[in-house]
Amino acid sequence: MYPRENLRRAMALYAVTDRAWLGERTLSACVEEALAGGATFVQLREKDAPRAEVVLRARALAPLCREAGVPFVVNDDVEAARIAGADGVHVGQDDAACVEAREKLGPDAIVGVSVQTVEQALVAQADGADYLGVGAVFGTPTKPDAADVGTDGLAAICAAVDIPVVAIGGLNERTIPELAGTGADGAAVVSAIFAAEDIEEETRRLRAAVQAALGA
């Protein structure tokens, strides 16, 4: 499993996959490009795929991330994460509870939780979450129903918890600088990476933007 003491640094540029943007390209090839460009964390997000497909894709991505030395988690599906040998899982407020995920994956697994309020953040931390995904910070077509937390809401959550926090939602080269001063440990990016024609180069630019804004 990925060393938990390195987790805060791994939040810097958190890549969330979305096959809707890939066209004819394979998911594995695109993730390899993102890793080459400086992605520091990878989440496999497969909202509508059957578990068997999620497991297959997770099994393909896990060794790529392990070789690159970055953590790899599966969104929502705790059982798929366990079967595929992922480092852990990321769950939402309506997905498998943090406590349940921990029970199934064990004490060494990474468990991330999506939150939008200080109250949700404090509950997740008390339940044993290793990190929080906070958003949507800005409006995003990836999750059109997610309420905008804004940078003030993000800052309030960062100030309330001791565990790492990654911002998500509408983050790209233009908006990442607005994270400065919030206390966030990094930016989670979906389309800005996987919709890019040159994923490696775009990831490199995003990584530089995070470094400039957050020093991460």
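The analysis underlying the following values was restricted to heavy atoms, covering all of them including side chains, and did not include hydrogens, waters or symmetry mates. Bear in mind the structure is a predicted one, so any value in this text is a computation, not a measurement. By convention here, the first residue in the shown sequence is residue 1.
Contact of the I199 side chain with the R25 side chain is registered, since non-hydrogen atoms from C-beta on lie closer than 4.5 Å. The closest side-chain heavy-atom distance from L171 to L179 is below 4.5 Å. In this structure the side chain of E100 never reaches within 4.5 angstrom of the side chain of V78, judged on heavy atoms. At a threshold of 4.5 Å between non-hydrogen side-chain atoms, the residues T26 and L22 do not count as touching. Counting only heavy atoms from C-beta outward, the side chains of I83 and R59 approach each other to under 4.5 Å.
Atom CG of L44 is separated from atom NE2 of H90 by 13.0 Å, given to the nearest 0.5 angstrom. To the nearest 0.5 Å, atoms CG (D185) and CE (M11) are separated by 7.5 Å.
Under the 30°/60° scheme for interplanar angles, the aromatic rings of F41 and Y14 are found to lie parallel.
Distance alone, capped at 3.5 Å, is enough to place a donor-acceptor pair between the D130 side chain and the V111 backbone. Proximity of a side-chain donor or acceptor of Q93 to a complementary backbone N or O of S114 within less than 3.5 Å is detected.
Cluster annotation: V55 is not connected to V42 through the hydrophobic network of ILVMFWY side chains, with a link wherever side-chain heavy atoms come within less than 4.5 Å.
Atom CD of E67 has 12 or fewer neighbouring heavy atoms from other residues, nucleotides or ligands inside a 6.0 Å radius.
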